[in-house]
Colleague: 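Pasting a structure below so you can have a look.
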Amino acid sequence: MRDSRPRTLVRLTFANPASLVYLGLVAAAALPVVAAAAGADVAFAGIWLLMITAPTSMVLLLPDFSGGSSAPATVYVVAALVLSALLHSFILGLAYRGLRGHVARRTRPTARKPSPGSA
């Protein structure tokens with residue numbers, strides 16, 4: 001039975017070694033950001049997170065919504081980083097599946113009946 005599309009998307013994004021390693025690196029890079037948010041100094045805490053999720057995060061962060069340190073700007077930056085990490089994880093899952101040589105399951109051919117003229 002074939003998988004549904006949402007299940008396939010989840011499997012490609014989260015259930016392969018390449019995506020899991022990448023998401024682990026993203027989580028490790030997010031730890032200093034979370035620790036710095038608890039304190040007062042957040043100067044360069046997110047630089048590794050930006051570098052790991054680049055180039056997609058750089059494109060998503062092109063619009064400058066940070067007219068200051070506002071809550072909507074912070075939500076936008078976090079959403080852009082999460083979306084970028086998930087997109088990269090999905091692309092890594094596709095690459096992993098392609099490099100593994102994943103071939104779609106084929107149905108077994110049915111037995112052909114011999115033609116009446118051949119024997």
Side-chain angles (χ1 to χ4, degrees):
M1 183 183 208
R2 291 186 73 172
D3 289 335
S4 65
R5 290 182 195 259
R7 186 173 177 174
T8 303
L9 288 173
V10 168
R11 181 176 292 146
L12 287 173
T13 305
F14 299 108
N16 62 69
S19 295
L20 289 176
V21 168
Y22 175 75
L23 291 174
L25 287 172
V26 170
L31 289 177
V33 176
V34 173
D41 186 28
V42 292
F44 286 105
I47 193 70
W48 286 107
L49 189 57
L50 284 172
M51 288 174 43
I52 289 174
T53 58
T56 309
S57 63
M58 297 300 177
V59 172
L60 291 175
L61 293 175
L62 277 177
D64 186 21
F65 292 114
S66 61
S69 179
S70 65
T74 304
V75 168
Y76 176 76
V77 169
V78 169
L81 291 173
V82 168
L83 180 65
S84 176
L86 290 176
L87 179 65
H88 290 180
S89 177
F90 174 72
I91 292 171
L92 280 171
L94 283 176
Y96 180 78
R97 185 174 75 169
L99 290 174
R100 257 188 47 219
H102 178 75
V103 179
R105 294 180 182 158
R106 298 180 185 177
T107 58
R108 292 182 6 168
T110 58
R112 292 180 22 179
K113 295 180 183 179
S115 60
S118 64

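The structure displayed is predicted, hence computed values, not measured ones.
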Colleague: Mark yes or no for whether T53, through its side chain, and S84, through its backbone, hold a donor-acceptor pair below 3.5 Å.
Modeller: no
Colleague: Could you check whether any side-chain N or O of S89 sits under 3.5 Å from a backbone N or O of T13, counting only pairs where one atom can act as donor and the other as acceptor?
Modeller: yes
Colleague: With distance as the sole test, does Y22 use its side chain to make a donor-acceptor pair with the main-chain N or O of I52 at under 3.5 Å?
Modeller: yes
Colleague: Please say yes or no: joined through hydrophobic side-chain contacts below 4.5 Å, possibly via intermediate residues, are V10 and L86 part of one cluster?
Modeller: yes
Colleague: Please answer: with hydrophobic residues joined when any side-chain heavy atoms are less than 4.5 Å apart, are L87 and L23 in the same cluster?
Modeller: no
Colleague: Taking all non-hydrogen atoms of both residues, which atom of N16 and which atom of R11 are closest, and how far apart?
Modeller: ND2-O, 3.7 Å
Colleague: Can you list, by chain and residue number, the hydrophobic cluster partners of L20 when the side-chain cut-off is 4.5 Å?
Modeller: none
Colleague: Output, in order, the C-alpha distance, side-chain angles, deciding distance and verdict of side-chain contact (heavy atoms from CB on, under 4.5 Å) for L12 and R97.
Modeller: CA-CA 8 Å; L12 287 173; R97 185 174 75 169; 4.1 Å; yes
Colleague: Scan for side chain to side chain donor-acceptor pair (under 3.5 Å) pairs involving residues 23-33, sequence neighbours excluded, and state none if there are none.
Modeller: none
Colleague: Can you name the closest pair of heavy atoms from L61 and A80 and give their distance?
Modeller: CD2-CB, 3.8 Å
Colleague: Would you say L92 ends up clustered with V59 if hydrophobic residues are merged whenever their side chains have heavy atoms under 4.5 Å apart, either directly or through other cluster members?
Modeller: no
Colleague: Have a look at S57 and tell me which of L83, L81, V77, L49 forms a side chain to side chain contact (heavy atoms under 4.5 Å, CB included) with it.
Modeller: L81
Colleague: Going by side-chain heavy atoms closer than 4.5 Å, which hydrophobic residues are tied to W48, directly or by a chain of links?
Modeller: I47, M51
Colleague: Decide whether V78 and V75 are clustered together by the hydrophobic rule: side chain heavy atoms of Ile, Leu, Val, Met, Phe, Trp, Tyr closer than 4.5 Å, transitively.
Modeller: no
Colleague: So do Y96 and S19 actually touch side chain to side chain, heavy atoms under 4.5 Å?
Modeller: no
Colleague: In this structure, would V26 and L94 fall into the same cluster of hydrophobic residues linked by side-chain contacts under 4.5 Å?
Modeller: no
